[in-house]
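Below you'll find the structure, written out as structure tokens, and then a few comments.
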Amino acid sequence: MGIEIKLPDGSKKQYEKGARPLDIAMDISEGLAKRAFGAIVNDEYWDLGRPLETSCDFRLVLDKDSEAPVFFRHTMAHIMAQAVMRLYGEDRVKLAIGPTIENGFYYDIDLDDVRLTEEDLPKIEAEMEKIIKEDLPIERFELPVSEAVILMNNQLQPYKVELIEDLVKDYGTEFVTFYRQGDFTDLCRGPHLPSTGKVKFFKLTSVSGAYWRGDEKNKMLQRIYGTAFSKKADLEEYLAKIEEARKRDHRKLGPALGLFTINYDYAPGMPIFLPKGTDMLNELLKFSREKHIEDGYREVSTPQIMSDSLWRTSGHWDHYSDNMYFTEKEEQQFAVKPMNCPGHILAYKSSPVSYRDLPMKIFEFGKVHRYERSGVLHGLFRVRGFVQDDAHVFCTREQIQQEVIGVIDFVKKIYEPFDFQYRAELSTRPENFMGEIELWDIATEALRDSLKAKKMDYIVNEGDGAFYGPKIDYHIKDSLGREWQCATIQLDFMMPERFGIKYIGPDNNEYQPVMIHRAIFGSTERFMGILIEHYAGAFPTWLAPVQVKVIPIADRHTDYARSVVVSLRGKGFRAEVDDRQKSTNYKIREAQLNKIPYMLIVGDREMQNGQVSVRLRSEKDLGSIDLEEFIHKLTEEVKDRKGKSIFE
RNA sequence: GCCAACGUAGCUCAAUCGGAAGAGCGGCUGAUUUGUAAUCAGCAGGUUGGGGGUUCAAGUCCCUUCGUUGGCUCCA
């Protein structure tokens, strides 16, 4: 019986049933077969050695293809698991899960009472090298669930048994696949390379603890992280990139540039912004405020501490108190606000609202406090006190779509000047949700429809919504590729209900509005951390804490330099003079290291002509120009919040 | 909170086997008056995160505690 293979170029080829991708590759050329990692068959990963059963679309995966790493990193994870088993004894090693991740792979392993440290990694790497050298063939086979459970029980792999049982429970799975290399067999969906000798370049990067299924009630396993590439140069480039990225880490750069400090003894998780960091924050807020007002928001300011009864009504008491700070006076309980919404609702309720007032959009740079466990604090990215650029849109049900779309557009507008990559996620009903499921469904669909209407790419994050409603989140990557949530758009029918807020409709009846909670920076602290890493401290001029450093060459130029600074400050620029008794070169070098956008060097020539000699931090020396001209151009650059120097 | 690693001057890092706590940068003082990435000299700076223990002797070994880092969890 023949089958028909359709290649990417549209050509078709006939094969016997049971032909393997490797055979097909060999048919085309031997070189191709050597370079192939696997195949894609009808959009499914397919091992090179796995027989084809039916006619199909067929494509080989070569080293340049984006799918290639899935094959060799999966195999890498198995090789690592096998190495650990050899080193620590098959009886003692219980495997959990070992997936591929963005730049590598990991495996969660229960090693009984053995505690791995990073010093153990070279030993494991050496064993892995052996396995690679042995070039063990990797064989795929399927088993009915009952036999699979027996096999895994025999191999003393309780986590695998649990995984199989869950597959049956959740998906009604009847057959599961295994991969075998030498004496090592592992439950795995695949795909894999045809033999262990085909992987080449890898490095184990770290060990850490990880709970079985990510649940801290379960046992903590040991996770070994590794990275692997098909080319040596790629591995080296990746490792160098990580090294480079560490230098951009905002926790190093921020304090080094004098932006902020965190005193973990006295104020853990509560950053102290120094004057330069505060300048930046203020610029961000100024920018945000302008845009909000353009977009029809009105600004409010609500209390930091409010009575517990408010938080009971809002539902925070029941759903969020683990994250809240409390305080008591005159036998009354108060809570420090973890969110701004109840305050905004009180603002809404202060006077009757007509349908003509809707949508009502109010915003606040509200400082919120949330308790976070000590182990998760992370520079500016995860803190216990932060300022949200928080707003609530009160609208009718009919206006939901249009308003959500408005917010999506608004996010784009706010992120635009920064020019970074972000990703949207739709989060659905969590376990500890409030309210009725039907309303949740309506809200979730409304968000989904809005995303579709804006043709946005997004992924769905089941069960990750807020307790009062589903949400769209925006994630931005830090220098090391870790993602942090920034903007969030949340739909909420619950709080309007619980607070009994109303508007008067055209028919003079009372109706309940819907609330859209939304933040764009999310946390201004976190957003600033992202910016520090994004720009590696070389901020666009409008954000830079010091925009211009005026450097007099000798003492006799100091007065003129000061007058230049006065002129600049008069126009609202952040300028400083460096009048220390140091060499010109020294001052230039320091300004350069501080990534100050403009250095104005002034000596005899400039002083005589009312000029300044402009040097950019990109090391470009522009020569002397009139101070007036410099101010004129700088004004333009800053006014438009340009991402690049106008002089370049 | 849990698992692992790490805590030496403001910063970056030395200190051999357990045997006298050091350097560079930065800071201060003085000299130098400099034209596009570091002028020279001198000085100050430490309970080696805290507490306890072993030892003739502890930065170094052990215990404990606090903190940081990498993860897990939660989330902006």
Side-chain angles (χ1 to χ4, degrees), chain A residues 106 108 111 115-121 205-225 246 249 251-252 255-256 261-265 268 320 322-323 338-339 368 370-390 427 430 464 466 471 473-476 480 482 484-488 490 517-527 529-530 551-558 581-593 599-606 613-617 619-624:
Chain A
Y106 66 80
D108 284 350
L111 263 175
R115 292 273 168 268
L116 288 179
T117 75
E118 290 189 10
E119 282 160 23
D120 296 317
L121 296 181
T205 48
S206 65
V207 283
S208 69
Y211 299 101
W212 167 233
R213 320 208 119 168
D215 186 339
E216 64 188 288
K217 291 192 212 71
N218 292 334
K219 179 162 184 181
M220 177 162 277
L221 310 173
Q222 301 191 65
R223 176 173 295 180
I224 308 175
Y225 283 93
R246 283 188 211 288
D249 192 322
R251 291 167 301 178
K252 298 292 288 179
T261 177
I262 300 178
N263 186 315
Y264 284 94
D265 291 326
Y320 207 73
D322 285 351
N323 288 292
M339 296 187 194
V368 297
R370 301 178 183 177
Y371 165 73
E372 296 285 355
R373 297 200 265 184
S374 54
V376 306
L377 299 176
H378 187 105
L380 294 182
F381 285 167
R382 175 152 294 107
V383 294
R384 288 178 175 159
F386 58 98
V387 175
Q388 285 187 312
D389 57 335
D390 201 5
S427 295
D464 209 33
K471 58 181 185 171
D473 289 329
Y474 289 69
H475 297 252
I476 303 178
L480 285 171
R482 291 177 293 217
W484 299 89
Q485 186 184 317
C486 290
T488 182
Q490 312 177 347
H517 306 241
R518 44 110 295 190
I520 315 299
F521 295 149
S523 145
T524 48
E525 285 78 354
R526 176 179 289 181
F527 197 79
I530 294 270
I551 300 174
I553 284 172
D555 285 350
R556 63 181 179 280
H557 311 123
T558 303
Q581 306 293 302
K582 303 268 188 186
S583 71
T584 308
N585 279 342
Y586 182 93
K587 296 185 215 174
I588 288 172
R589 178 180 146 84
E590 192 178 271
Q592 194 93 42
L593 291 175
M599 284 157 258
L600 301 183
I601 290 107
V602 295
D604 293 333
R605 293 200 294 272
E606 288 76 16
S613 172
V614 182
R615 181 186 164 106
L616 308 184
R617 65 183 159 200
E619 298 185 33
K620 205 179 269 177
D621 177 5
L622 298 175
S624 296

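Please read these numbers as outputs of a predicted model, since none were measured by experiment. Residue numbers begin at 1 in each chain, while the letters A, B, ... track the order of the sequences.
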Does A:F521 stack onto the base of B:A76, taking stacking as ring centres under 5.5 Å apart and planes under 30° apart? no
Should [N] form a Watson-Crick or G-U wobble pair with both distances under 3.5 Å, which nucleotide is its partner?
N	value
B:C2	B:G71
B:U32	none
B:A57	none

When you compare B:A20 with B:G26, how far apart are their C1' atoms, in angstrom units rounded to a whole number? 27 Å
Whole-angstrom distance between B:G10 and B:U48, as gauged at atom P: 13 Å
How do A:Y225 and A:S523 order along RNA chain B: which one's closest nucleotide is nearer the 5' end? A:Y225
What nucleotide, of [options], holds the atom closest to the side chain of [X]?
X	options	answer
A:R251	B:U33, B:U34, B:G70	B:G70
A:V376	B:A37, B:G70, B:U73	B:U73
A:Q490	B:A76, B:U33, B:C11	B:A76
A:Y586	B:U12, B:A76, B:A38	B:A38
A:R526	B:G70, B:C72, B:C75	B:C75
A:I553	B:G35, B:G71, B:C75	B:G35

Taking only N and O in the side chain of A:Q485, is any of them less than 4.0 Å away from OP1 or OP2 of B:A76? yes
Taking 4.0 Å as the cut-off, does a side-chain nitrogen or oxygen of A:R370 come that near to OP1 or OP2 on B:C74? no
Within the 4.0 Å heavy-atom criterion, would you say A:E619 contacts the bases, only the backbone, or no part of the nucleic acid? base
Check every strand shown and say whether A:K217 touches a base, only sugar-phosphate, or nothing at a heavy-atom separation below 4.0 Å. nothing
Taking A:D389 for its side chain and A:G522 for its backbone only, find out whether a donor-acceptor pair lies under 3.5 Å. yes
Hey, is the side chain of A:E372 pairing donor to acceptor with the base of B:A76 inside 3.5 Å? yes
For B:G35, does the base pair up with any side-chain atom of A:E606 as donor and acceptor (N or O, under 3.5 Å, distance only)? yes
